[in-house]
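By convention in this document, chain letters (A, B, ...) are assigned in the order of the sequence lines, proteins followed by strands, and residues within each chain are numbered from 1.
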Number of protein chains: 2
Amino acid sequence: MITGSKAMIRDINSHLVLETVLNEGPISRAAISVKLGLTKATISAIVADLIDRQFIREIGSDDTSLGRKPILLEFCKENGHIISIDLGVNTITAFTSDLKGNDCGLKMFPNNYTRDNIISGLIYIINLSLAELPETPFGLAGIAIGVHGVTNGNEILFAPYYDYSGLPFADRLSEHFEVPVFLENEANLSVIGEKCFCYNVPNMIGLSVHSGVGAGIIIDGKLYTGINGNAGEIGHTIINVDGRKCPCGNHGCLEQYASERAILTDYAEIRELEKVTIEEFVAAYNSGDKTASDLVDQFVRYTAVAVNNLLNTFNPDVIVINSGFTINIPELHERIRDQLKNRMNKYCTLVPSGLQDISILLGGVCLIIKDYLGVDYSAPNSDFMMG
Amino acid sequence: MITGSKAMIRDINSHLVLETVLNEGPISRAAISVKLGLTKATISAIVADLIDRQFIREIGSDDTSLGRKPILLEFCKENGHIISIDLGVNTITAFTSDLKGNDCGLKMFPNNYTRDNIISGLIYIINLSLAELPETPFGLAGIAIGVHGVTNGNEILFAPYYDYSGLPFADRLSEHFEVPVFLENEANLSVIGEKCFCYNVPNMIGLSVHSGVGAGIIIDGKLYTGINGNAGEIGHTIINVDGRKCPCGNHGCLEQYASERAILTDYAEIRELEKVTIEEFVAAYNSGDKTASDLVDQFVRYTAVAVNNLLNTFNPDVIVINSGFTINIPELHERIRDQLKNRMNKYCTLVPSGLQDISILLGGVCLIIKDYLGVDYSAPNSDFMMG
DNA sequence: GCAATTAGTTTACTTATTAAACGAATTGAT
DNA sequence: ATCAATTCGTTTAATAAGTAAACTAATTGC
């Protein structure tokens with residue numbers, strides 16, 4: 001049972017100070033005191049401890065008009081590194097950053113790994129990334145791995161596109177690198193990334209349309225994954241009760257209409273092609289291909305249904321859409337929004353992805369920051385920051 | 001900004017002690033100390049204060065085999081009263097209880113009130129209920145009002161079945177009776193009631209099928225209502241993209257298929273009747289009426305779709321169904337569950353309502369308990385308690 | 001050079017928890 | 001009947017964290 005104690009008070013206040021310096025620094029002790037409503041004495045004591053532990057440091061004074069100049073404090077972002085990996089079906093992307101998510105290197109590798117060698121493959125990839133990083137006081141803070149499938153408690157429960165279910169990724173990598181390792185679903189990481197770097201709101205849904213369709217759910221500022229990590233598996237919500245058969249056993253699942261897989265498969269079938277990439281599809285669409293245009297209509301229509309259902313279910317601050325289609329054909333946002341103009345959706349706040357193809361990687365970074373510092377990161381003046 | 005302070009420590013621990021006595025009492029100081037992990041000295045200090053404030057009292061000793069007998073502490077449930085009202089379209093139900101939700105009287109009134117006199121009507125009804133209650137140290141702890149419509153911050157935003165939107169219920173009643181007043185959507189109250197009295201789990205969805213279809217959402221033990229109180233308005237999620245037109249402007253909303261209104265309207269139309277009550281409909285079904293049977297099939301089929309979608313969206317501990325159909329035709333639960341046997345729903349934990357037609361009223365009681373005591377009530381050994 | 005102002009530290013105090021000793025109450029063995 | 005063993009609850013001294021207020025430090029402008 002978590003009970004109140006003096007240690008808890010200091011813990012709460014210390015994290016508040018660290019969060020303030022991280023997200024609003026450089027900032028002075030006096031300003032922190034005003035912002036948090038704690039006395040200057042308390043702030044001074046906590047700051048001394050945080051400096052001692054090398055989380056923050058004093059930098060030059062600020063320019064003020066009157067009185068003694070404040071000593072500015074800033075977060076020591078380069079004192080450690082984070083590795084965030086997008087374990088894609090075709091490509092593995094490894095992103096290294098400092099403790100504020102700043103780019104320290106990005107590498108891409110074809111994913112030729114099988115169930116038998118994927119873990120050693122990841123160790124190899126991580127070592128390659130680590131090799132380029134300078135020594136730091138803290139070293140590696142943690143490793144995040146974005147999985148295209150359902151995860152629960154650091155285990156892959158179900159992944160339709162690769163055969164990695166049940167593998168002890170986290171345990172092995174954690175033993176090997178002696179740092180925390182987190183496996184998390186890509187839609188979940190994606191929405192975390194959007195929240196921390198772009199849209200700082202407490203309740204948001206990230207609608208991720210890639211091979212399948214998933215939603216990352218943030219409620220009260222916290223990721224909600226359900227009791228088995230299956231929350232947000234909206235690809236298998238039924239939106240057409242008499243519709244297309246789905247491998248899951250039901251009919252009319254969203255995923256059969258609005259996923260990349262559905263659209264590209266439909267296109268390939270109609271055009272009697274073996275396989276179509278999203279780039280080829282978009283090129284066809286842009287050149288006025290009628291089939292592609294019809295399928296884009298389908299995507300817009302069914303994605304709007306998905307957004308309608310999410311709005312009426314969650315009534316969130318924002319819904320962010322991230323998909324290859326909307327990234328490559330930006331006007332789709334407006335078209336989806338146009339289909340949502342009815343009485344129940346007056347509070348609709350549909351927004352485009354701010355991070356697009358790196359949302360998963362930056363979401364992984366935020367997960368590690370949260371684990372390592374115990375603090376929610378909210379990137380101030382981020383390149384990606386929205387309204 | 002909420003910061004850590006000494007007052008916070010005592011506040012946290014004091015509420016934990018009160019919660020323990022409320023939900024697990026009668027219990028001794030020693031047992032509380034072990035359960036919470038606080039020292040006996042701390043518990044003694046907090047208990048002295050709670051006794052002083054008349055929230056708890058000492059009762060006789062417990063029988064133990066060895067050593068000094070513990071002094072049992074219990075919650076003073078009869079020191080105050082709660083009024084919970086179900087503001088139905090046809091009927092207003094007023095329930096009075098002690099501070100643990102025990103029945104102190106239930107009255108029903110036809111709802112003939114208009115926009116102009118509903119507030120004075122409620123004052124009249126509440127006064128009638130109060131008149132029968134004995135004097136208590138605390139008096140009235142609060143009033144909860146269950147609304148069949150969307151509420152946000154104690155205001156009715158939208159109610160399709162009566163014309164009470166925007167009325168200052170809470171302000172007027174709060175001024176008049178000088179106690180806190182809460183307006184809340186009926187599906188939300190319903191799921192709170194089920195959580196506190198029947199299913200003590202942190203993540204649950206209450207599917208309420210009455211005139212419309214709504215879901216009460218509890219995440220991490222807390223009601224989630226969205227940013228405008230519109231969360232859980234699943235009656236307007238689209239489950240049949242080319243389906244029936246809905247007044248909301250879309251096609252194929254769940255409410256057009258699986259609500260009482262939809263089923264009863266369909267039945268009346270087919271049978272060329274003016275109006276059918278749910279009792280008449282159930283009687284027809286029980287007497288083998290084919291039309292009723294077909295419409296029950298429709299209800300089962302679409303309710304299963306709703307549950308499927310909720311499972312894949314929330315992956316909660318449990319989903320509770322509460323509807324006139326399932327209350328009156330219990331085998332429908334099994335039939336709904338039978339339609340859910342597919343790969344994605346292996347964690348399905350669909351359960352019947354434990355409180356049935358009083359879930360809204362008891363949910364209101366829990367809301368007031370939470371407000372008044374600052375503690376989550378979890379009815380121990382409740383008559384309604386499930387597994 | 002001094003008043004005014006703001007930043008940050010020091011000091012005395014308050015308060016809540018803890019650990020340990022202690023007193024109280026009860027059982028069971030001698 | 002008495003006393004050791006046991007458990008319950010209180011008392012006491014110590015610790016730790018925040019607060020308020022006084023104090024020192026640093027800077028500007030008159």
- Query: Backbone N or O of A/D317 within a donor-acceptor pair of the A/T349 side chain at under 3.5 Å?
  - Reply: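 Judged by distance alone, yes, a pair lies under 3.5 Å.
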- Message: Quick check on contacts: within residues 36-59 of chain B, what sits under 4.0 Å from DNA chain C by heavy-atom distance?
- Response: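 Going residue by residue through residues 36-59 of chain B, the ones with a heavy atom under 4.0 Å of DNA chain C turn out to be B/L38, B/T39, B/A41, B/T42.
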- Item | Positions of residues 7-32 of chain B (non-hydrogen atom under 4.0 Å from DNA chain C), listed by number |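 Correct list: B/I9, B/R10, B/N13.
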- Per-nucleotide protein contact string for nucleotides 25-30 of chain C, where B marks a base within reach and S marks sugar-phosphate only (heavy atoms under 4.0 Å, - for neither): BBS---
- Qualifying ring pair (Phe, Tyr, Trp, His ring centres under 6.0 Å) pairs, either residue in residues 2-36 of chain B, two or more places apart: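 Output for this query is empty, none listed.
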- Item | Pairs involving residues 32-78 of chain A, ordered by first then second residue, that meet ring pair (Phe, Tyr, Trp, His ring centres under 6.0 Å) (sequence neighbours left out) |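 For residues 32-78 of chain A: A/F55-A/F138.
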- Can you pull the contact range of chain A along DNA chain D, 5' to 3', using atoms under 4.0 angstrom from its heavy atoms?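 Here the contact window of chain A covers D/dT15 to D/dT28.
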- Item | With sequence neighbours excluded, residues passing side-chain hydrogen bond (donor to acceptor under 3.5 Å, both in side chains) with A/S97 |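 Scan of A/S97 (side-chain hydrogen bond (donor to acceptor under 3.5 Å, both in side chains), adjacent residues dropped) gives none.
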- Query: A/R57: what forms a side-chain hydrogen bond (donor to acceptor under 3.5 Å, both in side chains) with it, not counting sequence neighbours?
  - Reply: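 Listed in chain order: A/E74, A/E78.
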- Message: Within this structure, what is the CG-OG1 distance for the pair B/L38 and B/T20, rounded to the nearest 0.5 Å?
- Response: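 Interatomic distance, B/L38 CG to B/T20 OG1, rounded to 0.5 Å: 9.5 Å.
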- Query: Between CG of B/L183 and CG of B/L173, what distance do you get to the nearest 0.5 Å?
  - Reply: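 It comes to 8.5 Å.
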side-chain contact (heavy atoms from CB on, under 4.5 Å) with [X]: which residues, sequence neighbours excluded?
| X | answer |
| --- | --- |
| B/S5 | B/A7, B/M8 |
| A/C196 | A/I192, A/C366 |
| A/A30 | A/S28 |
| B/V191 | B/M204, B/I218, B/L223 |

- Task: Determine the interplanar angle of the A/F314 and B/F314 rings, folded into 0 to 90°, and report it as parallel if under 30°, tilted if 30 to 60°, perpendicular if over 60°.
- Result: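 Geometry flag for B/F314 against A/F314: tilted rings.
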